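Following: one structure in structure tokens, then a few remarks.
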There are 2 protein chains.
Amino acid sequence: MDSFSVPEVVVLRLPLYVRALSQLRDGGTDVVSSQQLGSLLQMTPAQIRKDLSYFGRFGKQGRGYNVRFLLHELREILGLDREWRACLIGVGRLGHAIINYPGFSPEGFKIVAAFDGDSDQVGTSIGGFKVRPMEDLAEVVNEMKISIGIVAVPASQAQEVIEKLIENKVKGILNYAPVAPQVPMNTVIRNIDPVLSLQSMTFYLR
Amino acid sequence: MDSFSVPEVVVLRLPLYVRALSQLRDGGTDVVSSQQLGSLLQMTPAQIRKDLSYFGRFGKQGRGYNVRFLLHELREILGLDREWRACLIGVGRLGHAIINYPGFSPEGFKIVAAFDGDSDQVGTSIGGFKVRPMEDLAEVVNEMKISIGIVAVPASQAQEVIEKLIENKVKGILNYAPVAPQVPMNTVIRNIDPVLSLQSMTFYLR
DNA sequence: TAATGTGAAAACCTTCACAGCT
DNA sequence: AGCTGTGAAGGTTTTCACATTA
């Protein structure tokens with residue numbers, strides 16, 4: 001059951017299951033049915049069972065899923081059973097918010113370096129480390145084994161920065177700039193763009 | 001051609017077209033083909049033409065689409081031809097970043113009020129207006145004709161806050177809290193959750 | 001009994017391919 | 001000649017429904 005046979009939509013949903021299961025575990029629930037998980041996540045039990053079936057058989061008939069076991073399996077499937085190191089590019093207002101966001105680290109995503117193309121920013125301290133010039137990217141990415149780049153530069157510079165990351169073998173990009181970046185197929189990009197979200201929302205509010 | 005017959009995936013893509021067309025217009029391009037637009041957005045020309053066909057016939061055969069005209073039509077379809085007023089709930093670090101984010105306003109989304117459940121925050125000033133207590137929500141939403149709520153409270157309080165917004169007839173919610181909120185069907189919710197994005201990314205980076 | 005896992009069916013979405021218009 | 005708009009085909013995703021198992 002390799003990565004390629006699993007629909008991407010399914011992969012996008014796995015983190016939802018991980019989060020719901022974490023909550024259930026923290027709430028002391030030992031066993032959960034696809035029915036219960038479904039009502040928690042507002043989706044059908046059939047979809048949850050089908051999604052999980054791409055990866056194996058994790059439940060017990062007549063009973064449901066052991067919360068801790070399923071959580072562990074899903075975390076492993078997603079590669080969340082290790083630490084992922086990321087660098088931040090762009091330390092403006094948005095960059096500051098990202099580096100101070102307390103949600104990444106407990107989930108195993110550590111921002112370990114920050115860069116900025118603006119020489120005024122370089123050398124200043126942010127979130128515990130010094131902002132470095134873009135010229136240091138190759139060296140730092142390599143030495144610190146950084147596999148994810150978080151892009152928080154203005155739209156006009158985003159494509160260029162993303163290309164630089166890719167040149168340096170960064171395969172995962174979390175892009176906050178309001179652009180549609182061009183990336184090679186072996187790169188995984190996720191865009192965070194609240195304006196796009198609002199703009200599709202208003203269609204239904206009209 | 002009413003809202004219900006249009007696939008949701010199509011609606012989610014319209015803002016991408018709007019953004020690309022805005023850029024083309026700003027760059028002085030008058031006419032664009034589905035081919036060109038597709039290569040800009042990394043999608044097939046057929047998909048773009050099909051998407052647009054749900055709403056009308058905007059192009060000229062043999063020629064392409066008039067950039068300004070199509071842009072205008074799409075903005076109208078999405079309801080972007082007017083101003084949308086939003087309130088922010090939660091003025092912690094994340095809330096501050098949101099209120100200071102310069103990307104909303106030029107697109108017609110105005111944050112016109114801020115609330116917080118924490119009495120220490122209430123009365124402080126942020127982004128030009130005073131933070132109000134949650135008790136004022138009903139009154140303010142009504143008086144200021146707020147139709148969108150932006151939720152930036154901790155996960156533990158998100159569901160409660162969202163319910164309060166819905167009680168007050170706020171039909172659109174942009175949720176930054178890492179939860180899967182339960183909302184009635186006539187409410188439109190969009191979740192911004194960078195951790196989920198990263199967690200599905202790592203599946204492909206393993 | 002109660003819930004999983006899964007083929008098959010149904011629904012949905014994308015791409016093809018070409019008639020038709022400019 | 002060139003590109004749109006669109007039925008039809010093809011592909012993907014979701015849901016159904018039930019055999020199976022604890």
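Every chain is numbered from 1, with letters handed out A, B, ... down the list of sequences. The shown structure was predicted, so the numbers you read here are calculated from the model rather than taken from an experiment.
- A:Arg13 and A:Asp51 are joined by a salt bridge, as a carboxylate oxygen and a charged side-chain nitrogen come within less than 4.0 angstrom of each other.
- Atoms CD (B:Glu73) and P (D:dG5) sit 12 Å apart, rounded to a whole Å.
- Rounded to a whole Å, the CE atom of A:Met43 is 9 Å from the P atom of D:dT15.
- To the nearest 0.5 angstrom, A:Phe129 atom CZ is 8.0 Å from A:Leu88 atom CG.
- Rounding to whole angstrom units, CZ of residue B:Arg13 and C1' of C:dT15 are separated by 12 Å.
- Side chains of B:Thr187 and B:Lys171: a donor-acceptor N/O pair is absent below 3.5 angstrom, by distance only.
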Quiz prompt | Watson-Crick and G-U pairing of DNA chain D, under 3.5 Å, as dot-bracket with | and [ ] | solution = ||||||||||||||||||||||
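- The residue among A:Asp51 and B:Phe58 whose nearest nucleotide of DNA chain D lies closer to the 5′ end is B:Phe58.
- Contact between the side-chain N/O atoms of B:Ser34 and the OP1/OP2 oxygens of D:dT4 is found at a separation under 4.0 Å.
- Positionally, the nearest nucleotide of DNA chain D for B:Gly64 lies more toward the 5' end than for the other of A:Val9 and B:Gly64.
- The nearest whole Å value for the distance from the CG atom in A:Asn66 to the P atom in C:dT4 is 13 Å.
- Relative to the six-membered ring of A:Phe203, A:Arg206 meets both conditions, a distance below 6.0 Å and an angle of at most 45° to the axis.
- Between the side chains of B:Gln199 and A:Glu107, a donor-acceptor pair is found at a separation under 3.5 Å.
- If you measure from atom CZ of A:Phe55 to atom P of C:dG5, you get 14 Å, rounded to the nearest angstrom.
- Using a 3.5 Å distance cut-off with no hydrogens or angles, the side chains of A:Ser147 and A:Arg85 do not pair a donor with an acceptor.
- Rounded to whole angstrom, the span from the CD1 atom of A:Ile48 across to the C1' atom of D:dT13 amounts to 15 Å.
- With D:dT14, D:dG5, C:dC13 as the candidates, the nucleotide lying closest to the side chain of B:Ser53 is D:dG5.
- For B:Leu70 and D:dT4, the CG to C1' distance is 12 Å, given to the nearest whole Å.
- Listed by chain and residue number, nothing satisfies the ring pair (Phe, Tyr, Trp, His ring centres under 6.0 Å) test with A:Tyr204 (two or more places apart in sequence, or in another chain).
- For B:Arg68 and B:Asp30, the salt-bridge test fails: no basic side-chain N is under 4.0 Å from an acidic carboxylate O.
- Here C:dC12 presents its P atom at 13 Å from CD of A:Gln47, a figure rounded to the nearest Å.
- For A:Tyr65 and C:dG5, the shortest distance from a side-chain N or O to OP1 or OP2 is below 4.0 Å.
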Quiz item: Along nucleotides 16-22 of chain C, 5' to 3', which nucleotides get a B, which get an S, and which get a -, given that the test is a protein heavy-atom distance under 4.0 Å?
Solution: BB--BBB
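- Considering B:Ile173, B:Val161, B:Asn191 in turn, B:Asn191 is the only one that fulfils the side-chain contact (heavy atoms from CB on, under 4.5 Å) rule with B:Pro181.
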